[in-house]
Amino acid sequence: MKLRLMILACVMTGIQYVMAAISQQSMGIVTVTDYQVVPLPASVIPQREDGFVLNESCRIVVKDNGRDMWRNARFLQEHIAETTGMEIPASERVVRGKSIVLRLNEKMTEKEGYRICVSSKEVLVEGLTAQGVFYGIQTLRKALIHAEDGDKTKKPVFREGPMVLSAVTIEDAPRFAYRGMHLDVARHFFDVDFVKRYIDMMALHNMNTFHWHLTDDQGWRMEIKRYPKLTEVGGWRNYTTLGRNSIIDDGTRYGGYFTQDELREVVRYAQDRYITVIPEIDMPGHMLGALTAYPELGCTGGPYEVEGHWGVFDDILCAGKEETFRFVEGVLEEVMAVFPSEYIHIGGDEAPRTRWQQCPRCQERIRKESLTAREGQTAEARLQGYFTKRVEAFVHSKGRKLIGWDELLDSDVNPSATIMSWRGIEGGLVASEKGHDVIMTPTSHCYFNFYLVEDHEWGEPYAFDAFIPLEKTYALDPAPAALSEKARSHILGAQGNMWTEYAQYPSQVEYQVLPRMGALAEVVWTPLEKKDYNDWMERECRLTLLYIKNGWAYARKVISNK
């Protein structure tokens with residue numbers, strides 16, 4: 001009997017929905033939205049009433065008169081104009097007629113969660129915080145995407161004018177607190193305008209952390225006023241290799257850097273979209289940009305050269321010299337003055353200890369600190385642990401936390417260091433059991449600089465010579481059930497990485513990360529039990545309409561508009 005009543009209720013709801021759509025079409029309104037968006041919300045419950053007619057007579061009402069909420073209202077205005085062509089005014093007062101109401105609700109519990117209630121009279125978007133309201137706005141934005149099918153070889157024709165938001169209640173919050181995207185600007189440099197564009201892409205996908213890789217062997221990209229030669233000298237290389245580290249190069253000087261004012265501009269831009277920027281200053285390895293500028297910081301004293309090839313190089317910072325630590329602290333002081341993020345990333349990966357083995361100062365440091373080989377770690381590995389702990393102590397003294405790549409686990413690091421697991425998920429699983437906070441970004445799933453298709457000899461932009469299918473990214477579970485409950489609490493989330501050895505142009509970066517960012521968005525946001533790859537693909541096809549609308553390149557070969 002209960003089953004029959006449920007079926008009857010669904011049938012009646014469907015009839016009401018169709019009749020409302022017919023009525024609205026007779027008024028000249030032809031588009032009724034749904035909420036098949038990316039990432040998929042946790043709960044979407046249809047309501048048995050007419051939908052909300054969105055037209056130019058509507059108003060946006062801001063119930064909480066704070067700067068963040070008014071900025072949210074402006075974003076909503078822009079998004080409605082973007083997808084419908086309509087200009088909807090905003091007010092702090094309730095006006096006669098239909099309204100989209102934005103408000104805070106202190107009774108809600110999730111910091112980034114939101115609730116959307118759509119009736120025939122009102123659209124209510126509320127959250128515990130303005131950030132939660134922002135994500136509700138992003139869901140509305142994506143629900144409004146509609147376009148004529150047309151010729152797939154051409155740009156779609158977007159339907160503009162009034163639309164109907166079907167009556168619904170949405171309850172939503174992210175699965176993970178850390179939802180990240182990375183961009184390397186050391187191998188190839190990308191200007192402020194493109195970095196902002198990248199942040200816009202992140203905001204569309206509900207990402208909240210931008211990991212900005214600013215320094216490496218191939219160039220130093222952040223102005224440090226105390227050490228001006230870092231950008232004057234270390235920011236430029238004399239050539240770039242062609243192919244995959246061939247003996248042929250382009251013979252062209254290449255480089256660039258961001259001033260601190262430009263970096264602050266990007267930080268503000270990201271903050272307005274509720275995205276935290278985490279800077280990475282890689283150390284003690286990947287430092288040839290710095291060593292070329294200040295050769296006295298190396299074990300041999302140089303001469304050094306900013307690299308035009310890709311790879312791992314033996315010359316790293318000398319851990320035996322006190323001036324190395326003065327340099328590191330001086331750099332990080334300026335980094336922390338520009339970036340207010342809780343976390344500071346110091347890399348720590350791919351640091352060969354060849355020079356340390358031969359360096360009298362490093363060997364003296366090993367003796368002085370009693371860093372004997374033990375538990376499978378060499379004395380030089382423990383010297384890197386000493387280096388990391390000393391830097392971490394400085395970072396902590398400034399009220400910040402340290403992140404490093406999973407090689408830190410090989411060097412006796414403190415449990416307070418957060419581990420970014422890139423050499424697979426195994427290191428992250430071990431680290432979480434040891435009490436480290438962990439961010440999953442394994443090469444097996446999250447390296448977006450890898451090829452998207454296996455047969456890439458022709459027709460694909462040049463990329464790192466490995467292959468990650470879209471399904472593999474979507475299949476990632478950052479916190480598998482096999483972990484203990486305590487260990488799972490240490491998994492902060494996941495991140496997609498975009499290294500740029502082979503990505504010289506903005507369109508290449510966009511092509512490599514889209515639609516993979518959509519797959520990762522669902523990994524870190526949507527409840528695990530609601531994930532379904534084929535269903536996501538249908539919804540992602542629709543989201544690509546916004547990629548096209550914004551002029552973003554994406555990998556059409558692995559996804560087709562429907």
Salt bridge (Lys or Arg N to Asp or Glu O under 4.0 Å) with E126: which residues, sequence neighbours excluded? R103, R115
First locate atom CG of L297, then atom CE of M287, and finally report the distance between them rounded to the nearest 0.5 Å. 8.5 Å
Please state whether the rings of H213 and W499 are parallel, tilted or perpendicular, taking 30° and 60° as the class boundaries. perpendicular
Residue set satisfying salt bridge (Lys or Arg N to Asp or Glu O under 4.0 Å) with R187, at least two apart, ordered chain then number -> D184, D216, E501
Aromatic rings Y227 and Y294: how do their planes relate, parallel, tilted or perpendicular, breaks at 30° and 60°? perpendicular
The criterion is salt bridge (Lys or Arg N to Asp or Glu O under 4.0 Å); which residues satisfy it with R67, sequence neighbours excluded? D272
Just to verify, what does Y35 make a side-chain hydrogen bond (donor to acceptor under 3.5 Å, both in side chains) with, not counting sequence neighbours? none
Could you work out, with ring pair (Phe, Tyr, Trp, His ring centres under 6.0 Å) as the rule, every residue matching F210, not counting sequence neighbours? Y198, W212
Under the ring pair (Phe, Tyr, Trp, His ring centres under 6.0 Å) test, which residues partner F464, sequence neighbours left out? F450
Residues at least two apart in sequence or cross-chain that pass salt bridge (Lys or Arg N to Asp or Glu O under 4.0 Å) with D315, listed by chain then number, are R355
With sequence neighbours left out, what residues match V192 under side-chain contact (heavy atoms from CB on, under 4.5 Å)? K196, F258, E262, E265, V266
Mind checking what makes ring pair (Phe, Tyr, Trp, His ring centres under 6.0 Å) contact with Y462, not counting sequence neighbours? Y502
Test side-chain contact (heavy atoms from CB on, under 4.5 Å) applied to D68 - qualifying residues, sequence neighbours left out: R71, A130, Y274
From the list F176, W536, Y135, ring pair (Phe, Tyr, Trp, His ring centres under 6.0 Å) partner of W525 resolves to Y135
How would you list all residue pairs meeting salt bridge (Lys or Arg N to Asp or Glu O under 4.0 Å) that involve residues 231-243, not counting sequence neighbours? none
Row check, F394 ring normal vs R390 NZ/CZ: under 6.0 Å, within 45°: no
Can you pull the ring-ring contact (aromatic ring centres under 6.0 Å, His included) pairs that have at least one residue in residues 62-90, sequence neighbours excluded? F75-F134
Measure from the side-chain N and O atoms of H286 to the backbone N and O of D217, and report whether any donor-acceptor pair falls under 3.5 Å. no
